[in-house]
Every structure is written in structure tokens, then in C-alpha cells.
Trainee: 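I am attaching a structure below and will ask some questions about it afterwards.
Order of listing sets the numbers, starting from 1, for every ligand and every atom in it.
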Amino acid sequence: MFAMSTADDSLPLAAELKKISGLKLKLSEPLARYTSMKVGGPADYFIELENEAALAEVLQVLDRYQENFWVLGNGSNVLISDRGVRGAIVRLTGEFKTIQFKQIGRMAKLTAGAAVPVGQLARLAARRGYSGLEFAEGIPGSVGGALYMNAGAYGSELEQIVDQVEIMTPRGIPISFVRAEMTFGYRNSHLAAGTVVTRVRMALGKEEPAEVSAKLRELARKRKASQPSGSPNSGSMFRNPPGDYAGRLIDAAGLKGKRVGACQISERHGNFIVNHGGAKAMDVWQLMEIARSEVQKKFGVELIPEVKLLGDWELK
Ligand SMILES: Cc1cc2nc3c(=O)[nH]c(=O)nc-3n(C[C@H](O)[C@H](O)[C@H](O)COP(=O)(O)OP(=O)(O)OC[C@H]3O[C@@H](n4cnc5c(N)ncnc54)[C@H](O)[C@@H]3O)c2cc1C
């Protein structure tokens with residue numbers, strides 16, 4: 001058992017947060033259900049925000065109390081500690097789920113709130129014949145998470161279609177960046193820690209809807225053929241090292257199928273760890289450590305986690 005400090009209704013921070021309209025506050029909220037891996041302990045403060053005004057106010061209050069916070073999107077690329085999060089989890093909903101399309105000649109500007117599921121957005125765009133986002137079909141993240149991670153697949157990445165990004169600073173100040181003011185890297189948007197992405201505008205092409213939809217279906221078919229389905233997972237656990245694939249190295253190290261507790265390195269794809277039910281975050285971490293040290297020993301390659309560790313981790 002871990003000794004755990006938990007938030008309490010009578011705390012001044014909880015009382016202050018409750019005065020803000022446009023938010024839902026839960027104390028000591030278990031986080032596993034908000035992640036695709038289905039692991040993770042409770043957050044002291046779990047705050048769901050409906051609009052920008054509420055977000056700004058919350059960030060200002062958290063800043064004043066010097067309380068740590070993490071932004072959680074769809075939880076599809078995070079590993080949250082079994083001990084949970086000391087501080088706050090901030091999650092966007094409501095107004096952050098809106099989508100607007102604007103066609104300008106043979107181009108379309110698509111503006112989506114950070115809480116819109118990026119795969120759903122890709123399907124919606126395809127149905128209207130707007131092209132460029134097809135790669136996102138099957139990525140279970142939100143627009144905000146996809147931007148933060150510079151999500152990509154099959155040779156495309158979000159950075160290629162980003163036109164403008166609206167964010168809120170950790171102190172609750174809204175700022176917008178045009179594409180030329182941003183730098184992206186592999187699974188990285190170089191945004192400062194604590195930045196909250198609120199809205200993203202994308203520049204898409206215009207083609208026949210049937211063509212865009214066919215491309216999207218083809219990518220979905222490829223994904224289905226290569227990735228595990230059915231058991232909870234967090235997608236790729238490690239970044240691909242330059243010129244190679246983490247999954248190939250883990251497979252070549254003989255680790256496909258390796259288990260710790262209720263989780264297992266997928267038999268189908270070496271870079272996926274699946275939760276067969278009831279796994280702990282620490283089991284997942286231990287499997288990652290095994291993969292990392294075996295690949296280092298056998299091939300001299302250092303695997304770097306792609307999943308973001310959130311919360312109260314005490315790792316040696
Ligand atoms: C089955 C499966 C397949 C996947 N396939 C792919 C793939 O093909 N390509 C790929 O790139 N990824 C893939 N992923 C990983 C994941 O879906 C992406 O990284 C996704 O973009 C993460 O979005 P999210 O909303 O789930 O973010 P989360 O997992 O919630 O968070 C990830 C990081 O982004 C930050 N974040 C989230 N929202 C915001 C926000 N609004 N503002 C600021 N920071 C934020 C979090 O703090 C955290 O650091 C896959 C995952 C799964 C489970």
C-alpha cells in the first residue's frame with residue numbers, strides 16, 4: 001500500500017475551484033478509465049473544462065496555489081502512475097469539441113477544438129473531400145494531444161497540415177501561433193510544459209470525397225493488419241530510433257509475447273504492450289524496462305519512451 005495524500009472538499013483550492021463556472025471538479029478521481037491502457041491511480045483534482053474563460057481562470061488559480069497540473073487528452077499516449085497524480089488533471093470538453101470548415105477555392109481551412117477526436121475529424125473531412133488528414137484514421141487521440149505529440153502515421157504528420165495553433169499559457173494567457181512560428185520534431189511540438197492547446201487550424205486540400213475516403217479506408221486496413229486490437233494499449237511505447245523501428249528491435253530481441261503481471265508485449269507488434277485486464281502501471285513500466293535493457297544489450301540501441309509518464313512516479 002502507498003501512503004497517499006488525497007484532496008478534500010474543505011481544502012481552500014477545492015473551494016476556490018468550485019466557484020468557477022464552466023467546470024466539473026472531481027476529487028480523488030481514479031484515472032484508469034480516462035486512458036486507453038486502462039491503468040493509473042487517482043488525481044487529487046480532476047477538472048473538466050467547458051470553455052476558454054473557465055480554463056483561464058482555473059490555470060490562474062492553480063498558478064496562485066502553485067499546484068502542479070497535467071493536461072489529459074484522450075489518454076492514448078500516457079502511462080499514469082498507480083499512485084495517481086498529486087495535483088490536478090485538466091481535461092477539455094464542451095466548447096473545445098467544436099469543428100468549423102471553410103472552403104477557399106481548392107483549399108479548406110478546418111478549425112477544430114482540442115477535445116475533438118482526431119480520427120473522427122479525419123473521417124468527417126474525408127466525407128467532404130478534404131484531404132491531408134487521412135493518416136489520422138485509427139489514431140485514438142484528441143486534436144490537442146495529436147498536436148502536442150505531432151502525431152503521425154504512414155509518412156504523414158500533423159505538422160504538415162497545421163496552419164495555426166491556439167494555446168493557453170500555464171498562467172492562463174491565450175496566445176495564437178501561425179505555422180511559421182512553430183517548430184515540430186518527431187512526436188514533438190516543442191511546446192513548453194504546461195501549455196494547453198485549445199484549438200488547431202489545419203489547411204487541407206480538396207479532392208473527390210470518394211477518393212479521400214478510399215485512401216482513408218486503405219490506411220485503416222493497413223493499420224488493422226499490423227496492430228493489436230481488442231486489448232487496451234497505449235499505441236507505440238517507444239519512439240523509433242533513427243533508421244530503424246522499435247517494434248522490429250523488440251521482436252528481434254525475442255521479446256514478443258513477454259509478460260509481466262497482466263500485461264504483455266503484443267504478439268502482433270513488438271512496440272505495443274497490451275493490458276489483458278487488471279494490469280498495473282508498474283507492470284507496464286517493468287516490461288518497458290525489460291525491452292529497453294534487452295535491446296540495448298543485444299543491439300546497442302537505446303530505446304526512448306514515446307508514451308508520456310504522468311503523475312507520481314518514483315523510478316530508480
Ligand atoms: C491503438 C493506438 C494507435 C495509435 N496510433 C498512433 C499513430 O499511428 N501515430 C501516432 O502519432 N500516435 C498514435 N497513437 C498514440 C496517441 O493516440 C497519439 O499520440 C495521440 O495524439 C495522443 O492524443 P491524446 O489526446 O490521447 O493525448 P494524451 O495521451 O492524453 O496525452 C499525450 C500528451 O499530450 C499532452 N496533451 C494532451 N492534450 C493536450 C492539450 N490539449 N494541450 C497540451 N497538451 C496536451 C498530454 O499532457 C501528454 O503529454 C496510438 C495510440 C493507440 C492507443
Side-chain angles (χ1 to χ4, degrees), residues 31 34-40 43 48-49 52 55 59 68-80 85 87-93 96-97 112-122 133-160 165-170 174-175 184-200 219-220 222-224 226-240 245-247 266 268-269 271-275 284 305-311:
L31 295 174
Y34 301 100
T35 72
S36 60
M37 184 63 100
K38 305 293 172 220
V39 302
E48 282 188 303
L49 292 145
E52 272 188 50
L55 173 62
L59 294 178
N68 284 331
F69 76 90
W70 284 265
V71 192
L72 188 63
N74 279 356
S76 64
N77 217 13
V78 290
L79 185 57
I80 298 179
V85 167
I89 284 287
V90 165
R91 201 160 180 260
L92 306 180
T93 181
F96 299 104
K97 288 193 164 173
V116 173
V118 73
Q120 183 189 316
L121 193 63
L133 190 58
E134 301 86 288
F135 72 88
E137 162 67 1
I139 298 183
S142 63
V143 164
L147 186 284
Y148 187 82
M149 298 294 299
N150 189 18
Y154 305 111
S156 300
E157 286 176 311
L158 209 73
E159 66 164 303
Q160 294 161 347
V165 178
E166 290 177 32
I167 61 123
M168 192 118 13
T169 68
I175 300 183
F184 290 92
Y186 171 52
R187 300 294 167 267
N188 193 346
S189 58
H190 299 299
L191 287 170
T195 300
V196 186
V197 176
T198 53
R199 199 164 284 108
V200 179
L219 294 181
K222 272 196 193 169
R223 184 180 285 274
K224 208 168 165 201
S226 64
Q227 293 183 359
S229 58
S231 301
N233 66 77
S234 291
S236 297
M237 304 305 289
F238 295 100
R239 300 154 65 95
N240 287 324
Y245 293 96
S266 165
R268 197 156 201 194
H269 193 309
N271 203 15
F272 279 60
I273 291 178
V274 293
N275 174 359
V284 178
E306 179 175 315
V307 288
K308 300 285 183 196
L309 264 56
L310 254 63

Trainee: Quick one: does any side-chain atom of Arg187 pair with a main-chain N or O of Asn150 as donor and acceptor, under 3.5 Å?
Mentor: yes

Trainee: I'd like to know if the side chain of Ser142 reaches the main chain of Gly73, judged simply by a donor and an acceptor atom lying under 3.5 Å from each other, with no hydrogens or angles considered.
Mentor: no

Trainee: Check the surroundings of atom NZ in Lys97: do more than 12 heavy atoms from other residues, nucleotides or ligands lie under 6.0 Å from it?
Mentor: no

Trainee: Counting distance only, does the side-chain N/O of Gln160 pair as donor-acceptor with the main-chain N or O of Glu157 below 3.5 Å?
Mentor: yes

Trainee: Under a 4.5 Å cut-off applied to non-hydrogen side-chain atoms, are Asn74 and Tyr34 in contact?
Mentor: no

Trainee: Is the side chain of Asn233 donor-acceptor paired with the backbone N or O of Ser231 at a distance under 3.5 Å, no angle test?
Mentor: yes

Trainee: What residues sit with at least one heavy atom under 4.0 Å from ligand 1?
Mentor: Ser36, Val71, Leu72, Gly73, Asn74, Gly75, Ser76, Asn77, Val78, Ala114, Ile139, Pro140, Gly141, Ser142, Gly144, Gly145, Ala146, Tyr148, Met149, Ala151, Gly152, Ala153, Arg187, Thr195, Val196, Val197, Arg223, Gln227, Asn233, Ser234, Gly235, Lys308

